[in-house]
Amino acid sequence: MKVAPSILSADFSRLKEEIATVSSAEWLHIDVMDGHFVPNLTIGPAVLSALRPHTSQTFDTHLMIEDPKKYFDPFIKAGSDHITFHLEAVDNVDELLDELHAKGVKAGLSIKPATPVSSLDPYLDKLDVILVMSVEPGFGGQTFLDGALPRIDALNRKRQADGHSYLIVVDGGINEETAARCKQAGADVMVAGSYIFKAKDREARIAKLR
Ligand code: DX5
Ligand code: ZN
């Protein structure tokens, strides 16, 4: 099990020190919001560029934005290793996944809680990451939606049946209890914001998610 602390819940006035407190995590999850696809506005590429020299952790970039293609290059240049965009935000998914691969980064698709899991079917072969939202995207600190569990299970079964190699990542309301249930359903990576960053002993919390 890999863990991806979401820096959305970190103290933005001291981000460099904050990421040093979660150094045992394999990935850092970066929530990019544009005020259109979701109501909130958050992090741009300049923040990634500033953090990049201070860690070798994978930058797992979650674009909750309209027209994600427009920002592929700035985020790649800023040091993103993974770029995940929302299926609901675009109509040329294949082309965008190909573009990310051509630019040398891992490509991911995310789905909101109400989007049928089967809408990912045409793209399963091309995906490095599937990010299953277990809350409505937009804000940290929300309650896990149990409906994510059968969705994770369905993606895990498809992967086993058809030999796909995508990682199943869960995002929203993750704590030690919901993480255990997601793991049992077949998830590979836990994104967690408030559970990790609102705690004093963050490394202990990361260990509890594995
Ligand atoms: C929500 C974001 C999440 C968020 C998770 O739109 O995609 O990554 O930071 O925060 P918690 O773990 O607090 O639910
Ligand atoms: Zn996220």
Side-chain angles (χ1 to χ4, degrees), residues 4 6-8 27-49 58-140 142 145 147-148 150-152 154-156 158-159 162 164-174 187-191 193:
S6 166
I7 65 169
L8 186 60
W27 297 3
L28 286 178
H29 183 82
I30 296 143
D31 286 309
V32 178
M33 306 188 190
D34 67 351
H36 294 278
F37 183 73
V38 290
N40 202 359
L41 267 174
T42 57
I43 298 165
V47 176
L48 277 73
S49 299
T58 294
F59 278 4
D60 178 52
T61 310
H62 179 191
L63 300 182
M64 285 161 275
I65 64 177
E66 288 175 2
D67 196 8
K69 178 186 164 82
K70 193 170 164 191
Y71 294 96
F72 285 171
D73 284 338
F75 278 104
I76 293 168
K77 198 168 165 222
S80 291
D81 300 286
H82 300 170
I83 304 254
T84 293
F85 60 92
H86 269 265
L87 180 67
E88 303 88 355
V90 299
D91 49 25
N92 53 344
V93 175
D94 264 314
E95 186 189 314
L96 297 189
L97 295 174
D98 290 345
E99 179 173 337
L100 289 173
H101 283 139
K103 292 178 187 289
V105 293
K106 302 276 191 204
L109 263 184
S110 183
I111 46 172
K112 300 204 275 185
T115 302
V117 128
S118 59
S119 51
L120 293 168
D121 284 351
Y123 315 112
L124 295 179
D125 271 337
K126 283 190 181 176
L127 288 171
D128 301 302
V129 164
I130 295 177
L131 182 64
V132 176
M133 291 304 303
S134 40
V135 298
E136 282 301 329
F139 299 92
Q142 303 182 74
L145 299 170
R151 293 153 70 74
I152 294 165
L155 288 167
N156 187 38
K158 273 187 215 204
R159 176 168 63 175
D162 302 334
H164 302 297
S165 57
Y166 48 80
L167 290 172
I168 302 171
V169 185
V170 199
D171 185 7
I174 292 296
D188 309 293
V189 186
M190 296 297 144
V191 173

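- The shortest non-hydrogen separation linking Ile152 to Ala187 is CG2-N, 3.5 Å.
- Residues passing the ring-ring contact (aromatic ring centres under 6.0 Å, His included) test with Phe75: none are found, sequence neighbours excluded.
- Atoms CD1 and CG, from Ile65 and Leu41 in turn, are 11.5 Å apart once rounded to the nearest 0.5 Å.
- Put simply, NE2 on His101 and CG on Leu127 are 7.5 Å apart, with the number rounded to the nearest 0.5 Å.
- The main-chain N or O of Leu131 is found under 3.5 Å from a side-chain atom of Ser110 such that the two form a donor-acceptor pair.
- Every pair passing salt bridge (charged side-chain N to carboxylate O under 4.0 Å, His left out) that includes a residue from residues 124-133 is listed here, sequence neighbours excluded: Asp94-Lys126, Asp98-Lys126.
- Residue Arg151 holds its CZ atom at 4.0 Å from CD1 of Ile111, rounded to the nearest 0.5 Å.
- Residues satisfying the ring-ring contact (aromatic ring centres under 6.0 Å, His included) test with Tyr166, not counting sequence neighbours, are His164.
- With rounding to the nearest 0.5 angstrom, the OG1 atom of Thr58 is 8.5 Å from the CG atom of Leu28.
- Counting heavy atoms from C-beta on, the side chains of Asp60 and Val189 never come closer than 4.5 Å.
- Taken from OH in Tyr123 to CG in Leu109, the straight-line distance is 7.5 Å, to the nearest 0.5 Å.
- Partners of Thr115 under the side chain to side chain donor-acceptor pair (under 3.5 Å) rule, at least two apart in sequence or in another chain, are Glu88.
- Under a 3.5 Å cut-off, the side chain of Gln142 and the backbone N or O of Glu136 do form a donor-acceptor pair.
- Two residues are said to be in side-chain contact when any heavy atoms from C-beta on lie closer than 4.5 Å; Leu124 and Asp162 fail this criterion.
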Taking it one step at a time, do Ile168 and Arg159 satisfy side-chain contact (heavy atoms from CB on, under 4.5 Å)?
CA-CA 10 Å; Ile168 302 171; Arg159 176 168 63 175; 3.5 Å; yes

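- In terms of the side-chain contact (heavy atoms from CB on, under 4.5 Å) criterion, residue partners of Asn92 (sequence neighbours excluded) are, by chain and number, Val90, Glu95, Leu96.
- Contact of the Ser119 side chain with the Leu87 side chain is registered, since non-hydrogen atoms from C-beta on lie closer than 4.5 Å.
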Throw together a table of side-chain donor-acceptor distances under 3.5 angstrom for residues 30-39, partners on residues two or more places apart or in other chains.
unit_1 : atom_1 : unit_2 : atom_2 : d
Asp31  : OD1    : His29  : NE2    : 2.9
Asp31  : OD1    : His62  : ND1    : 3.1
Asp31  : OD2    : Ser6   : OG     : 2.7
Asp34  : OD1    : His36  : N      : 2.8
Asp34  : OD1    : Phe37  : N      : 2.8
Asp34  : OD2    : Glu66  : N      : 2.8

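- By the salt bridge (charged side-chain N to carboxylate O under 4.0 Å, His left out) test, Glu99 is found to be paired with Lys69, Lys103, residues two or more places apart in sequence or in another chain being considered.
- The closest side-chain heavy-atom distance from Lys112 to Pro137 is below 4.5 Å.
- Nearest heavy-atom pair, Leu8 versus Gly140, reported as atom, atom and distance to 0.1 Å: CD2-N, 3.9 Å.
- Listed by chain and number, the residues in a side chain to side chain donor-acceptor pair (under 3.5 Å) with Asn40 amount to none (sequence neighbours excluded).
- Applying the side chain to side chain donor-acceptor pair (under 3.5 Å) test to Lys77 and every residue at least two apart in sequence or in another chain returns nothing.
- Minimum interatomic distance between Val132 and Ala148 (heavy atoms only, all atoms of both residues): CG1-CB, 4.3 Å.
- For His82, the ring-ring contact (aromatic ring centres under 6.0 Å, His included) criterion is met by Trp27, not counting sequence neighbours.
- Residues passing the side-chain contact (heavy atoms from CB on, under 4.5 Å) test with Val47 are Leu15, Ile43, Leu51, sequence neighbours excluded.
- Between the side chain of Asp171 and the main chain of Met133, no donor-acceptor pair closer than 3.5 Å is present.
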If you apply the rule side-chain contact (heavy atoms from CB on, under 4.5 Å), what do you find for Phe72 with Thr61, and how did you get there?
CA-CA 10 Å; Phe72 285 171; Thr61 310; over 6 Å; no

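- Under the side chain to side chain donor-acceptor pair (under 3.5 Å) criterion, Asp67 pairs with no residue, sequence neighbours left out.
- The CG atom of Leu100 sits 9.0 Å away from the OG1 atom of Thr84 when rounded to the nearest 0.5 Å.
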